[in-house]
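First the proteins, then the strands, lettered A, B, ... as listed; each starts at 1.
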Protein chains: 2
Amino acid sequence: MTDISRSGCPINLSLEVLGDKWSLLIIRDMMFGNRRHFRELLTKSEEGISSNILADRLKTLLDEGIITREEDPTHKQKGIYSLTEQGIELLPVLAQMAAWGYKYLPVSQELGIRARLLSEGGPKLWAEFMDELRESHLGTKRRKRAGPSVGERLQAAYESVVKRK
Amino acid sequence: MTDISRSGCPINLSLEVLGDKWSLLIIRDMMFGNRRHFRELLTKSEEGISSNILADRLKTLLDEGIITREEDPTHKQKGIYSLTEQGIELLPVLAQMAAWGYKYLPVSQELGIRARLLSEGGPKLWAEFMDELRESHLGTKRRKRAGPSVGERLQAAYESVVKRK
DNA sequence: AAAACCGATTGCATTTTGCAACTGGTTGCA
DNA sequence: TGCAACCAGTTGCAAAATGCAATCGGTTTT
(Lines give C-alpha, C1' and ligand atoms only; values in the text may rest on other atoms or scores of the structure.)
Protein backbone atom coordinates (compact mmCIF):
# COMPACT_ATOMS: atom_id res chain seq x y z
CA MET A 1 0.00 0.00 0.00
CA THR A 2 1.31 3.40 -0.87
CA ASP A 3 1.10 5.83 1.98
CA ILE A 4 1.81 8.97 0.04
CA SER A 5 -1.18 10.61 -1.55
CA ARG A 6 -1.24 12.54 -4.75
CA SER A 7 -3.19 15.38 -3.22
CA GLY A 8 -5.35 16.31 -0.26
CA CYS A 9 -8.45 16.65 -2.40
CA PRO A 10 -11.35 14.68 -0.94
CA ILE A 11 -12.31 13.25 -4.33
CA ASN A 12 -8.76 12.22 -5.05
CA LEU A 13 -8.34 10.63 -1.63
CA SER A 14 -11.58 8.73 -2.05
CA LEU A 15 -10.45 7.49 -5.44
CA GLU A 16 -7.12 6.38 -4.07
CA VAL A 17 -9.04 4.07 -1.76
CA LEU A 18 -12.01 3.08 -3.92
CA GLY A 19 -10.96 3.96 -7.43
CA ASP A 20 -10.72 0.55 -9.02
CA LYS A 21 -13.08 -1.85 -10.67
CA TRP A 22 -13.74 -4.09 -7.67
CA SER A 23 -13.76 -2.37 -4.29
CA LEU A 24 -17.16 -0.75 -4.66
CA LEU A 25 -18.60 -3.97 -6.06
CA ILE A 26 -17.55 -5.76 -2.89
CA ILE A 27 -19.21 -3.05 -0.81
CA ARG A 28 -22.28 -3.33 -3.01
CA ASP A 29 -22.53 -7.08 -2.43
CA MET A 30 -22.12 -6.62 1.30
CA MET A 31 -24.84 -3.96 1.35
CA PHE A 32 -27.42 -5.23 -1.07
CA GLY A 33 -26.58 -8.91 -1.36
CA ASN A 34 -25.93 -9.49 2.31
CA ARG A 35 -22.68 -11.29 1.56
CA ARG A 36 -20.56 -11.58 4.67
CA HIS A 37 -18.16 -14.45 3.98
CA PHE A 38 -15.23 -14.76 1.61
CA ARG A 39 -16.87 -17.62 -0.29
CA GLU A 40 -20.12 -15.76 -0.69
CA LEU A 41 -18.35 -12.72 -2.07
CA LEU A 42 -16.27 -14.93 -4.31
CA THR A 43 -18.93 -17.11 -5.87
CA LYS A 44 -22.23 -15.31 -5.55
CA SER A 45 -21.36 -12.13 -7.38
CA GLU A 46 -22.50 -11.41 -10.90
CA GLU A 47 -19.09 -10.40 -12.12
CA GLY A 48 -16.83 -13.22 -11.00
CA ILE A 49 -13.99 -11.71 -9.05
CA SER A 50 -10.93 -13.90 -8.67
CA SER A 51 -9.85 -15.01 -5.24
CA ASN A 52 -6.51 -13.23 -5.11
CA ILE A 53 -8.06 -9.91 -6.06
CA LEU A 54 -10.85 -10.41 -3.53
CA ALA A 55 -8.33 -11.22 -0.79
CA ASP A 56 -6.29 -8.17 -1.68
CA ARG A 57 -9.27 -5.80 -1.73
CA LEU A 58 -10.66 -7.10 1.53
CA LYS A 59 -7.27 -6.43 3.10
CA THR A 60 -7.26 -2.86 1.80
CA LEU A 61 -10.82 -2.23 2.93
CA LEU A 62 -9.88 -3.56 6.38
CA ASP A 63 -6.82 -1.30 6.54
CA GLU A 64 -8.92 1.68 5.55
CA GLY A 65 -11.50 1.02 8.22
CA ILE A 66 -14.33 0.48 5.78
CA ILE A 67 -14.99 -3.09 6.87
CA THR A 68 -14.10 -5.27 9.85
CA ARG A 69 -13.48 -8.96 10.15
CA GLU A 70 -14.35 -11.27 12.99
CA GLU A 71 -14.32 -15.00 13.49
CA ASP A 72 -17.51 -16.88 12.95
CA PRO A 73 -18.20 -18.61 16.29
CA THR A 74 -20.05 -21.46 14.56
CA HIS A 75 -17.28 -22.21 12.10
CA LYS A 76 -13.63 -21.87 13.02
CA GLN A 77 -12.46 -20.99 9.56
CA LYS A 78 -15.14 -18.62 8.46
CA GLY A 79 -14.52 -14.95 8.86
CA ILE A 80 -17.46 -12.61 9.00
CA TYR A 81 -16.96 -9.32 7.25
CA SER A 82 -19.00 -6.34 8.37
CA LEU A 83 -19.32 -2.79 7.20
CA THR A 84 -18.19 -0.07 9.57
CA GLU A 85 -20.06 3.20 9.89
CA GLN A 86 -17.57 4.56 7.38
CA GLY A 87 -18.46 1.76 5.01
CA ILE A 88 -22.19 2.16 5.52
CA GLU A 89 -21.87 5.82 4.63
CA LEU A 90 -20.73 4.83 1.17
CA LEU A 91 -24.35 4.06 0.42
CA PRO A 92 -25.11 7.52 -0.98
CA VAL A 93 -22.10 7.23 -3.27
CA LEU A 94 -23.32 3.88 -4.55
CA ALA A 95 -26.88 5.14 -4.83
CA GLN A 96 -25.84 8.12 -6.97
CA MET A 97 -23.61 5.95 -9.09
CA ALA A 98 -26.41 3.44 -9.56
CA ALA A 99 -28.84 6.21 -10.50
CA TRP A 100 -26.42 7.57 -13.07
CA GLY A 101 -25.72 4.15 -14.51
CA TYR A 102 -29.41 3.37 -14.59
CA LYS A 103 -30.08 6.50 -16.58
CA TYR A 104 -27.25 6.30 -19.08
CA LEU A 105 -25.93 2.76 -19.41
CA PRO A 106 -27.42 -0.48 -20.77
CA VAL A 107 -28.58 -1.79 -17.42
CA SER A 108 -30.41 -5.12 -17.36
CA GLN A 109 -33.99 -5.04 -16.22
CA GLU A 110 -33.60 -7.27 -13.20
CA LEU A 111 -30.47 -5.54 -11.93
CA GLY A 112 -31.84 -2.08 -12.62
CA ILE A 113 -34.91 -2.32 -10.46
CA ARG A 114 -32.98 -1.77 -7.24
CA ALA A 115 -31.34 1.32 -8.67
CA ARG A 116 -34.71 2.68 -9.69
CA LEU A 117 -36.32 2.16 -6.31
CA LEU A 118 -33.32 3.55 -4.50
CA SER A 119 -33.25 6.59 -6.74
CA GLU A 120 -36.97 7.22 -6.39
CA GLY A 121 -36.79 6.77 -2.64
CA GLY A 122 -34.11 9.44 -2.36
CA PRO A 123 -32.05 10.40 0.70
CA LYS A 124 -34.87 9.52 3.05
CA LEU A 125 -34.97 5.93 1.89
CA TRP A 126 -31.19 5.78 1.93
CA ALA A 127 -31.16 6.88 5.55
CA GLU A 128 -33.63 4.17 6.44
CA PHE A 129 -31.57 1.55 4.66
CA MET A 130 -28.41 2.77 6.36
CA ASP A 131 -30.16 2.35 9.68
CA GLU A 132 -30.92 -1.22 8.78
CA LEU A 133 -27.31 -1.78 7.83
CA ARG A 134 -26.24 -0.38 11.18
CA GLU A 135 -28.40 -2.97 12.80
CA SER A 136 -27.13 -5.92 10.80
CA HIS A 137 -23.48 -4.90 10.60
CA LEU A 138 -22.86 -2.93 13.77
CA GLY A 139 -25.41 -4.59 16.01
CA THR A 140 -27.07 -1.28 16.74
CA LYS A 141 -30.51 -1.57 18.24
CA ARG A 142 -33.24 0.32 16.47
CA ARG A 143 -36.91 0.49 17.01
CA LYS A 144 -38.90 -1.90 14.95
CA ARG A 145 -40.75 -0.43 12.04
CA ALA A 146 -43.96 -1.60 10.57
CA GLY A 147 -43.86 -3.59 7.36
CA PRO A 148 -40.97 -5.01 5.38
CA SER A 149 -37.53 -3.43 5.63
CA VAL A 150 -35.94 -1.52 2.78
CA GLY A 151 -33.61 -4.45 2.18
CA GLU A 152 -36.55 -6.80 1.95
CA ARG A 153 -38.43 -4.49 -0.38
CA LEU A 154 -35.45 -4.20 -2.71
CA GLN A 155 -34.98 -7.94 -2.69
CA ALA A 156 -38.69 -8.58 -3.33
CA ALA A 157 -38.69 -6.16 -6.25
CA TYR A 158 -35.68 -7.87 -7.76
CA GLU A 159 -37.23 -11.29 -7.43
CA SER A 160 -40.52 -10.20 -8.93
CA VAL A 161 -38.69 -8.94 -12.03
CA VAL A 162 -36.71 -12.16 -12.31
CA LYS A 163 -39.90 -14.17 -11.97
CA ARG A 164 -41.73 -12.14 -14.59
CA LYS A 165 -39.16 -12.94 -17.26
CA MET B 1 -11.93 -0.83 -25.31
CA THR B 2 -13.74 -3.95 -24.33
CA ASP B 3 -17.34 -4.04 -25.40
CA ILE B 4 -18.45 -6.96 -23.31
CA SER B 5 -19.56 -6.08 -19.82
CA ARG B 6 -19.20 -8.18 -16.74
CA SER B 7 -22.82 -7.66 -15.75
CA GLY B 8 -25.82 -5.43 -16.36
CA CYS B 9 -25.69 -4.00 -12.86
CA PRO B 10 -25.79 -0.20 -12.95
CA ILE B 11 -23.01 0.12 -10.41
CA ASN B 12 -20.83 -2.32 -12.30
CA LEU B 13 -21.47 -0.60 -15.61
CA SER B 14 -20.64 2.76 -14.09
CA LEU B 15 -17.43 1.36 -12.67
CA GLU B 16 -16.45 -0.12 -16.00
CA VAL B 17 -16.53 3.40 -17.39
CA LEU B 18 -15.34 5.45 -14.42
CA GLY B 19 -13.70 2.96 -12.12
CA ASP B 20 -10.11 4.04 -12.28
CA LYS B 21 -7.96 6.57 -10.55
CA TRP B 22 -8.13 9.31 -13.17
CA SER B 23 -11.43 9.60 -15.06
CA LEU B 24 -13.38 11.23 -12.26
CA LEU B 25 -10.48 13.57 -11.51
CA ILE B 26 -10.64 14.82 -15.09
CA ILE B 27 -14.38 15.38 -14.70
CA ARG B 28 -13.72 17.13 -11.41
CA ASP B 29 -11.25 19.52 -13.02
CA MET B 30 -13.64 20.26 -15.83
CA MET B 31 -16.46 20.96 -13.36
CA PHE B 32 -14.78 22.79 -10.54
CA GLY B 33 -11.55 23.99 -12.09
CA ASN B 34 -13.05 25.08 -15.38
CA ARG B 35 -10.35 23.28 -17.35
CA ARG B 36 -11.34 22.90 -20.96
CA HIS B 37 -8.07 22.32 -22.86
CA PHE B 38 -5.68 19.41 -22.91
CA ARG B 39 -2.82 21.51 -21.56
CA GLU B 40 -4.91 22.88 -18.72
CA LEU B 41 -5.98 19.43 -17.67
CA LEU B 42 -2.41 18.22 -17.97
CA THR B 43 -0.56 20.87 -16.05
CA LYS B 44 -3.01 22.57 -13.74
CA SER B 45 -4.18 19.57 -11.80
CA GLU B 46 -3.01 18.85 -8.29
CA GLU B 47 -2.15 15.26 -9.00
CA GLY B 48 -0.04 15.40 -12.12
CA ILE B 49 -1.55 13.09 -14.68
CA SER B 50 0.74 12.04 -17.49
CA SER B 51 -0.08 12.99 -21.03
CA ASN B 52 -0.63 9.51 -22.43
CA ILE B 53 -3.05 8.61 -19.66
CA LEU B 54 -4.88 11.90 -20.11
CA ALA B 55 -5.16 11.35 -23.86
CA ASP B 56 -6.44 7.83 -23.31
CA ARG B 57 -9.04 8.85 -20.74
CA LEU B 58 -10.31 11.75 -22.80
CA LYS B 59 -10.78 9.33 -25.66
CA THR B 60 -12.78 6.96 -23.49
CA LEU B 61 -14.89 9.76 -22.04
CA LEU B 62 -15.61 10.94 -25.58
CA ASP B 63 -16.59 7.44 -26.67
CA GLU B 64 -18.89 7.13 -23.68
CA GLY B 65 -20.63 10.41 -24.41
CA ILE B 66 -19.56 12.02 -21.17
CA ILE B 67 -17.63 14.82 -22.84
CA THR B 68 -17.43 16.33 -26.31
CA ARG B 69 -14.59 17.94 -28.19
CA GLU B 70 -14.67 20.82 -30.60
CA GLU B 71 -12.10 22.99 -32.26
CA ASP B 72 -11.24 26.29 -30.70
CA PRO B 73 -12.03 28.91 -33.35
CA THR B 74 -9.38 31.24 -31.96
CA HIS B 75 -6.59 28.70 -32.05
CA LYS B 76 -6.37 26.04 -34.70
CA GLN B 77 -4.72 23.45 -32.52
CA LYS B 78 -6.64 23.86 -29.35
CA GLY B 79 -9.49 21.52 -28.71
CA ILE B 80 -12.20 22.56 -26.31
CA TYR B 81 -13.59 19.80 -24.18
CA SER B 82 -17.09 20.17 -22.76
CA LEU B 83 -19.23 18.10 -20.47
CA THR B 84 -22.39 16.63 -21.92
CA GLU B 85 -25.60 16.41 -19.92
CA GLN B 86 -24.51 12.90 -19.04
CA GLY B 87 -21.22 14.26 -17.75
CA ILE B 88 -22.85 17.09 -15.84
CA GLU B 89 -25.06 14.60 -14.08
CA LEU B 90 -22.00 13.03 -12.55
CA LEU B 91 -21.95 15.97 -10.17
CA PRO B 92 -24.02 14.21 -7.49
CA VAL B 93 -21.64 11.25 -7.63
CA LEU B 94 -18.66 13.53 -7.16
CA ALA B 95 -20.43 15.49 -4.46
CA GLN B 96 -21.21 12.37 -2.44
CA MET B 97 -17.72 11.07 -2.91
CA ALA B 98 -16.29 14.40 -1.82
CA ALA B 99 -18.52 14.46 1.24
CA TRP B 100 -17.43 10.96 2.22
CA GLY B 101 -13.76 11.75 1.69
CA TYR B 102 -14.12 14.99 3.60
CA LYS B 103 -15.57 13.14 6.55
CA TYR B 104 -13.21 10.19 6.68
CA LEU B 105 -9.95 10.94 4.92
CA PRO B 106 -7.07 13.35 5.65
CA VAL B 107 -8.30 16.12 3.40
CA SER B 108 -6.27 19.31 3.25
CA GLN B 109 -7.95 22.44 4.51
CA GLU B 110 -7.87 24.38 1.28
CA LEU B 111 -9.11 21.49 -0.85
CA GLY B 112 -11.73 20.46 1.67
CA ILE B 113 -13.64 23.72 1.76
CA ARG B 114 -15.38 23.07 -1.55
CA ALA B 115 -16.49 19.64 -0.37
CA ARG B 116 -17.87 21.15 2.81
CA LEU B 117 -19.85 23.86 1.06
CA LEU B 118 -21.15 21.43 -1.51
CA SER B 119 -22.17 18.97 1.15
CA GLU B 120 -23.88 21.63 3.25
CA GLY B 121 -25.64 23.02 0.24
CA GLY B 122 -27.14 19.64 -0.58
CA PRO B 123 -29.07 18.62 -3.69
CA LYS B 124 -30.54 22.08 -4.11
CA LEU B 125 -27.13 23.67 -4.46
CA TRP B 126 -26.00 20.84 -6.73
CA ALA B 127 -28.93 21.50 -9.02
CA GLU B 128 -28.03 25.16 -9.22
CA PHE B 129 -24.43 24.35 -9.99
CA MET B 130 -25.48 21.86 -12.64
CA ASP B 131 -27.56 24.59 -14.23
CA GLU B 132 -24.49 26.78 -14.38
CA LEU B 133 -22.54 23.95 -15.97
CA ARG B 134 -25.27 23.55 -18.56
CA GLU B 135 -24.80 27.17 -19.41
CA SER B 136 -21.02 27.07 -19.71
CA HIS B 137 -20.71 23.64 -21.32
CA LEU B 138 -23.90 23.22 -23.32
CA GLY B 139 -24.59 26.85 -24.06
CA THR B 140 -28.01 26.61 -22.49
CA LYS B 141 -29.60 29.92 -21.72
CA ARG B 142 -30.80 30.41 -18.17
CA ARG B 143 -32.25 33.32 -16.39
CA LYS B 144 -29.72 35.41 -14.57
CA ARG B 145 -29.67 35.01 -10.84
CA ALA B 146 -28.79 37.60 -8.30
CA GLY B 147 -25.39 37.50 -6.70
CA PRO B 148 -22.35 35.34 -7.38
CA SER B 149 -22.77 31.94 -8.99
CA VAL B 150 -22.17 28.69 -7.16
CA GLY B 151 -18.94 28.25 -9.07
CA GLU B 152 -17.79 31.70 -8.03
CA ARG B 153 -18.75 31.09 -4.42
CA LEU B 154 -16.81 27.82 -4.32
CA GLN B 155 -13.82 29.47 -5.89
CA ALA B 156 -13.96 32.44 -3.54
CA ALA B 157 -14.14 30.14 -0.53
CA TYR B 158 -11.13 28.20 -1.76
CA GLU B 159 -9.10 31.34 -2.28
CA SER B 160 -9.98 32.74 1.09
CA VAL B 161 -8.67 29.59 2.77
CA VAL B 162 -5.48 29.69 0.73
CA LYS B 163 -4.99 33.33 1.62
CA ARG B 164 -5.52 32.72 5.32
CA LYS B 165 -2.69 30.22 5.50
C1' DA C 1 -11.83 -42.11 6.96
C1' DA C 2 -13.00 -39.67 2.92
C1' DA C 3 -15.03 -35.92 0.60
C1' DA C 4 -16.37 -31.35 0.54
C1' DC C 5 -15.68 -26.81 1.99
C1' DC C 6 -13.01 -22.91 4.15
C1' DG C 7 -10.15 -18.61 3.43
C1' DA C 8 -6.78 -17.62 1.28
C1' DT C 9 -1.74 -18.01 -1.45
C1' DT C 10 1.33 -19.01 -5.37
C1' DG C 11 3.14 -18.88 -10.06
C1' DC C 12 2.69 -17.04 -14.27
C1' DA C 13 0.86 -14.55 -18.41
C1' DT C 14 -1.49 -10.44 -19.81
C1' DT C 15 -2.93 -5.79 -19.32
C1' DT C 16 -2.63 -1.31 -17.46
C1' DT C 17 -0.05 2.36 -15.72
C1' DG C 18 3.67 5.78 -15.41
C1' DC C 19 7.67 8.27 -17.02
C1' DA C 20 10.35 10.70 -20.26
C1' DA C 21 11.35 11.83 -24.63
C1' DC C 22 9.65 13.20 -28.85
C1' DT C 23 6.51 14.52 -33.08
C1' DG C 24 4.34 17.43 -36.37
C1' DG C 25 2.10 21.33 -36.41
C1' DT C 26 0.60 26.43 -34.83
C1' DT C 27 1.15 30.84 -32.75
C1' DG C 28 3.44 34.98 -30.99
C1' DC C 29 7.04 37.98 -31.22
C1' DA C 30 11.34 40.32 -32.86
C1' DT D 1 10.69 36.17 -42.08
C1' DG D 2 12.64 33.42 -38.64
C1' DC D 3 12.71 31.43 -34.29
C1' DA D 4 11.15 30.31 -29.75
C1' DA D 5 7.33 28.91 -27.26
C1' DC D 6 3.26 26.44 -27.16
C1' DC D 7 -0.22 22.95 -28.77
C1' DA D 8 -2.34 18.23 -28.58
C1' DG D 9 -1.05 14.38 -28.44
C1' DT D 10 2.25 9.73 -29.58
C1' DT D 11 5.99 6.45 -28.80
C1' DG D 12 9.06 3.28 -26.35
C1' DC D 13 9.91 1.06 -22.45
C1' DA D 14 9.93 -0.33 -17.50
C1' DA D 15 7.11 -1.26 -13.55
C1' DA D 16 2.93 -2.37 -11.36
C1' DA D 17 -1.68 -4.22 -11.29
C1' DT D 18 -4.81 -7.64 -12.87
C1' DG D 19 -6.66 -12.22 -14.05
C1' DC D 20 -6.51 -17.21 -14.24
C1' DA D 21 -5.78 -21.72 -12.62
C1' DA D 22 -3.85 -24.63 -9.50
C1' DT D 23 -2.84 -25.39 -4.89
C1' DC D 24 -2.39 -25.19 0.37
C1' DG D 25 -3.21 -26.40 5.18
C1' DG D 26 -6.87 -26.65 7.98
C1' DT D 27 -12.10 -27.67 9.23
C1' DT D 28 -16.45 -29.57 8.79
C1' DT D 29 -19.66 -32.88 6.95
C1' DT D 30 -20.93 -37.44 5.67
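The residues A/Glu71 and A/Arg69 are annotated as salt-bridged, a charged nitrogen and a carboxylate oxygen being separated by less than 4.0 angstrom. With respect to A/Arg57 and A/Asp20, a salt bridge is recorded, a charged nitrogen being found less than 4.0 Å from a carboxylate O.
Side-chain N/O atoms of B/Arg57 include one lying less than 4.0 angstrom from OP1 or OP2 on C/dT17.
The residue among A/Lys59 and A/His75 whose nearest nucleotide of DNA chain C lies closer to the 5′ end is A/His75. DNA chain D is contacted by both A/Thr74 and A/Ile53; A/Ile53 maps to the nucleotide lying nearer its 5′ end (nearest heavy atom per residue).
Atom pair B/Ile26:CD1 and D/dG9:P shows a separation of 12 Å (rounding to whole Å applied). Atom CG of A/Asn52 and atom P of D/dC24 are 17 Å apart (whole Å). Rounded to an integer number of Å, the gap from B/Trp22 CH2 to D/dA17 P is 14 Å. Between the C1' atom of D/dT18 and the CG atom of A/Asp56 lies a distance of 10 Å, rounded to the nearest Å. Atom CZ in A/Arg39 sits about 13 Å away from atom C1' in D/dG26, given to the nearest Å. Atom CZ of A/Phe38 is separated from atom P of C/dG7 by 7 Å (rounded to the nearest Å). Rounding to whole angstrom units, CD of residue A/Glu47 and P of D/dC20 are separated by 13 Å. Between B/Asp72 atom CG and C/dT26 atom C1' there is a gap of 12 Å when expressed in whole angstrom units.
Listed nucleotides C/dA20, C/dT27, C/dG7 differ in distance to B/Lys76; the shortest reach to its side chain belongs to C/dT27. Out of D/dG9, D/dC7, D/dG19, the shortest distance to the side chain of A/Ser50 is found at D/dG19.
Counted by atom type alone, A/Arg36 and A/Ser82 present one or more donor-acceptor pairs between their side chains at under 3.5 Å.
Taking the ring axis of B/Trp22 as reference, the NZ or CZ atom of A/Arg6 stays within 45° of it and closer than 6.0 Å to the ring centre.
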